[in-house]
There are 2 protein chains.
Amino acid sequence: MPADDPAVRLPTLSQVAALAGVSLKTASRALNSEPNVAEETGQRVRAAAEQLGYRLNGLARELRRGGTSAMVGLISGDLANPFYSAVASGAERELRRHGLLLVTANNDENVSQERNLVDVFLERRVRALLIVPSGGGQEYLARDDIGGVPVVFLDRPPQGLAADSVLIDNEGGARAAAEHLLAGGHRRIALVADLARTASQRARIDGFAAAMRRAGNPDWDRYLRTDIHDAATAERTISALLDLDEPPTAIFTTNNRLTTGALRILARRSRPPALVGFDDFELADVVGTTVVAHDMVALGREAARLAFARISGHSGPPETVVIPASLIPRGSGEIAP
Amino acid sequence: MPADDPAVRLPTLSQVAALAGVSLKTASRALNSEPNVAEETGQRVRAAAEQLGYRLNGLARELRRGGTSAMVGLISGDLANPFYSAVASGAERELRRHGLLLVTANNDENVSQERNLVDVFLERRVRALLIVPSGGGQEYLARDDIGGVPVVFLDRPPQGLAADSVLIDNEGGARAAAEHLLAGGHRRIALVADLARTASQRARIDGFAAAMRRAGNPDWDRYLRTDIHDAATAERTISALLDLDEPPTAIFTTNNRLTTGALRILARRSRPPALVGFDDFELADVVGTTVVAHDMVALGREAARLAFARISGHSGPPETVVIPASLIPRGSGEIAP
DNA sequence: GTGAAAGCGCTAACAC
DNA sequence: GTGTTAGCGCTTTCAC
């Protein structure tokens with residue numbers, strides 16, 4: 001039996017109507033529990049639908065209702081990264097409460113791929129777009145150019161565009177990390193950061209730098225390393241830092257991937273430096289890693305909430321929700337210089 | 001400007017055609033690069049589309065082409081669990097290669113919720129369903145009842161139904177864990193397992209049990225604990241095991257969540273028992289945890305591949321792909337009794 | 001090479 | 001309370 005055997009084609013509403021001996025519209029009314037259907041008629045229609053195994057064709061409904069679907073698109077980095085999957089989890093749960101479906105796509109941290117995905121999603125007539133931008137300007141997402149589809153930015157603010165966004169308090173979190181290490185007596189503190197072109201990394205670097213300057217620690221940037229994007233590079237970078245003549249006595253890593261790399265290196269050292277990492281992670285409590293934590297599931301949830309408000313017709317100026325970030329001491333950040 | 005302002009409605013093909021001064025069908029042909037369009041005409045149509053910011057309405061196309069969409073649905077547990085998000089990541093990447101989109105939904109580990117989601121997905125006319133079943137029978141997914149939509153089962157085989165599936169070598173992996181601990185001289189080995197009603201947990205339990213019996217270790221089930229579903233219960237269960245008069249000298253946990261719970265408890269013990277966990281996890285190398293590892297991204301990828309084959313018309317009997325599971329010694333599993 | 005007409009499956013508007 | 005007609009935006013047939 002070939003896969004496109006017409007015998008397995010799903011029944012349509014008019015087949016249900018025919019079986020029930022009513023008109024198309026009456027069947028529609030009955031199945032959508034609209035008013036003005038006799039109890040007995042409704043009964044008969046539902047029985048016919050049941051018997052045929054009828055399922056509404058959502059495509060047809062949505063086309064008729066205005067060419068818009070029940071889907072919300074999420075464009076982010078790889079879901080294999082726990083940061084993005086937590087966001088997806090929070091968004092999906094919130095959307096499901098409103099009968100909306102989450103469609104995910106991986107931008108491969110690549111701007112042109114991201115633009116492609118936006119086009120793909122718009123063609124599928126998503127109701128809203130949630131984007132963790134991988135960089136670059138987002139002017140092309142101007143409201144009028146995308147048919148008025150609401151867009152919410154996650155983790156990084158939009159560039160060249162005003163739109164709803166949900167951000168982490170990157171600057172505050174990084175400042176807290178710096179102040180914690182300074183208070184612990186550290187002066188030679190290394191900052192190991194990811195791609196400096198992303199706004200979130202920049203904010204973390206800036207927050208850290210501000211705290212350092214305020215503490216009268218001006219040449220801290222001897223130990224500044226940015227654009228470290230993968231774990232292997234992080235490991236090499238940190239090894240090199242520790243092999244300096246005057247090695248840092250503490251390290252601040254600005255995301256979970258870099259923190260993981262750091263842990264691999266520090267585990268092999270007999271007298272490791274202090275470590276604070278941005279982003280909490282599974283087992284951080286077991287390993288005893290001090291982190292700047294924030295609720296990533298909440299980030300996704302809030303983004304979905306903003307999107308739903310817009311879908312429901314809420315207008316008004318763009319809103320920004322800030323997710324707090326706070327330091328959790330667990331040992332690694334409390335090692336003395 | 002209200003959100004439903006008609007001014008922001010996306011332009012349609014006939015508007016493009018009108019602007020280009022050609023018929024609807026010619027515009028369609030030009031934009032789909034079909035043959036029999038004069039070079040100059042195509043030029044004009046593309047210019048008009050560009051000028052209006054035209055985007056194809058995928059809903060309409062798919063309705064006309066037979067009521068089937070470009071989406072593949074994935075129903076699994078919470079994406080916040082790295083197991084499921086790795087599966088989603090692998091599936092999404094593979095589907096994207098074929099122009100398909102992944103729609104995810106969380107079954108909350110709940111059978112009736114899962115049936116709901118299947119209905120929702122079928123209404124949206126997904127091209128295929130990928131399911132990590134949360135339990136129960138799947139007779140309702142019989143091919144003819146769901147309009148011939150291909151279904152692929154992940155991690156757990158279908159019940160009451162023959163269908164494609166991608167499984168982990170649960171039994172072999174569990175056996176390897178048991179044999180490793182036995183070879184290390186352990187006899188009192190605890191088995192801490194999740195919900196025994198799921199086939200994957202059952203296979204892990206069975207593989208372990210078989211190895212125990214073969215080793216002449218018949219009353220091993222003194223230390224058998226099943227239906228431990230959350231980390232807190234796992235922690236309590238393991239604490240209780242270690243407080244027995246004759247405590248186990250080794251523990252085998254049958255998934256990543258339980259392993260995490262075990263690590264929390266063992267970290268506080270001065271002389272911890274040996275530990276082997278099913279499922280690899282981030283930082284397992286840093287923590288030094290011996291695990292039974294398998295490629296979860298590959299699991300998602302293979303499932304997507306099977307689904308795509310069916311979508312492309314491949315018929316034939318159901319296929320089963322088995323993802324190998326192998327033990328990686330990292331220290332915790334090599335502790336002597 | 002191009003176009004007119006029909007129709008995918010459904011819902012909205014307006015009869016009766 | 002029920003039915004008829006039209007049409008969402010597109011592709012398919014068939015004519016020119």
Side-chain angles (χ1 to χ4, degrees), chain A residues 4 6 8-46 48-49 52-70 122-127 147-148, chain B residues 4 6 8-46 48-49 52-70 122-127 147 149:
Chain A
D4 50 3
V8 292
R9 195 126 174 196
L10 288 168
T12 72
L13 186 55
S14 58
Q15 293 176 40
V16 173
L19 180 61
V22 298
S23 83
L24 182 62
K25 179 60 201 169
T26 301
S28 167
R29 272 196 271 257
L31 296 179
N32 290 305
S33 347
E34 283 172 32
N36 292 334
V37 177
E39 178 53 29
E40 196 268 338
T41 312
Q43 213 69 241
R44 227 171 48 245
V45 172
R46 275 186 293 275
L52 292 173
Y54 171 75
R55 286 169 214 272
L56 176 85
N57 186 329
L59 260 45
R61 159 180 283 183
E62 287 155 359
L63 177 59
R64 183 60 243 250
R65 296 236 255 228
T68 189
S69 76
L122 290 175
E123 282 196 359
R124 301 300 160 201
R125 295 304 191 261
V126 292
R127 290 285 282 276
Chain B
D4 50 4
V8 292
R9 195 125 175 197
L10 288 168
T12 71
L13 186 55
S14 59
Q15 294 176 39
V16 173
L19 180 60
V22 296
S23 83
L24 182 61
K25 180 57 203 169
T26 301
S28 166
R29 271 195 272 257
L31 296 179
N32 289 306
S33 348
E34 283 172 33
N36 291 334
V37 178
E39 178 52 31
E40 195 268 339
T41 312
Q43 212 71 236
R44 225 170 50 243
V45 172
R46 275 186 293 277
L52 292 173
Y54 171 75
R55 286 170 216 271
L56 177 81
N57 186 330
L59 260 46
R61 159 179 284 182
E62 287 156 2
L63 176 61
R64 185 59 245 249
R65 298 235 255 229
T68 188
S69 77
L122 290 176
E123 282 195 359
R124 302 299 161 202
R125 296 302 191 262
V126 292
R127 291 285 283 274
V149 174

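Basis for what follows: all heavy atoms, side chains included, without hydrogens, waters or symmetry-related copies. Chain letters run A, B, ... following the sequence lines, proteins first, then strands; residues in each count from 1.
- Taking every heavy atom of residues 38-45 of chain B and every atom of DNA chain C, pairs under 4.0 Å involve B/Ala38, B/Thr41, by number.
- Contacts of B/Arg127 classified as side-chain hydrogen bond (donor to acceptor under 3.5 Å, both in side chains), with partners at least two apart in sequence or in another chain: none.
- From A/Thr68, atom OG1 reaches atom CG of A/Leu63 across 11.0 Å, with rounding to the nearest 0.5 Å.
- Each of A/Lys25 and B/Pro35 has a nearest nucleotide on DNA chain C; the 5'-most of these lies closest to B/Pro35.
- Listed by chain and residue number, nothing satisfies the side-chain hydrogen bond (donor to acceptor under 3.5 Å, both in side chains) test with A/Thr41 (two or more places apart in sequence, or in another chain).
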Report each atom pair, protein N/O against N/O of nucleotides 8-10 of chain D, whose distance is under 3.5 angstrom.
from: D/dC8; atom 1: O2; to: A/Arg64; atom 2: N; distance (Å): 3.3
from: D/dC10; atom 1: OP1; to: B/Tyr54; atom 2: OH; distance (Å): 2.5
from: D/dC10; atom 1: OP1; to: B/Asn57; atom 2: N; distance (Å): 3.1
from: D/dC10; atom 1: OP2; to: B/Leu13; atom 2: N; distance (Å): 2.4

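- Note that CG of A/Leu122 is 4.5 Å distant from CZ of B/Arg55, once rounded to the nearest 0.5 Å.
- A search for side-chain contact (heavy atoms from CB on, under 4.5 Å) contacts involving B/Leu19 returns B/Ala48, B/Gln51, B/Leu52, not counting sequence neighbours.
- For B/Arg44, the salt bridge (charged side-chain N to carboxylate O under 4.0 Å, His left out) criterion is met by B/Glu40, not counting sequence neighbours.
- Distance alone, capped at 3.5 Å, places no donor-acceptor pair between the A/Ser14 side chain and the A/Leu24 backbone.
- Under the side-chain contact (heavy atoms from CB on, under 4.5 Å) criterion, A/Leu31 pairs with A/Leu13, A/Val45, A/Arg46, A/Ala49, A/Tyr54, sequence neighbours left out.
- Rounded to the nearest 0.5 Å, atoms CZ (A/Arg125) and CG (A/Leu59) are 12.5 Å apart.
- Residues that satisfy the salt bridge (charged side-chain N to carboxylate O under 4.0 Å, His left out) test with A/Arg29, not counting sequence neighbours, are absent from this structure.
- For B/Ala27 against B/Ala17, the heavy-atom pair with the smallest separation is CB-CB, 3.8 Å.
- Comparing the axis of the opening five pairs of the helix from C/dG1-D/dC16 to C/dC16-D/dG1 with that of the closing five pairs yields an angle of 40°, rounded to 10°.
- Protein atom CD of A/Glu34 is 14 Å distant from nucleotide atom P of D/dG3, rounded to whole Å.
- First and last contacting nucleotides of DNA chain C toward chain B (any atom under 4.0 angstrom from a heavy atom, 5' to 3' order): C/dG1 to C/dG9.
- Sorted by first and then second residue, the pairs that involve residues 13-27 of chain B and meet salt bridge (charged side-chain N to carboxylate O under 4.0 Å, His left out), not counting sequence neighbours, are B/Lys25-B/Glu34.
- For A/Arg61, the salt bridge (charged side-chain N to carboxylate O under 4.0 Å, His left out) criterion is met by no residue, not counting sequence neighbours.
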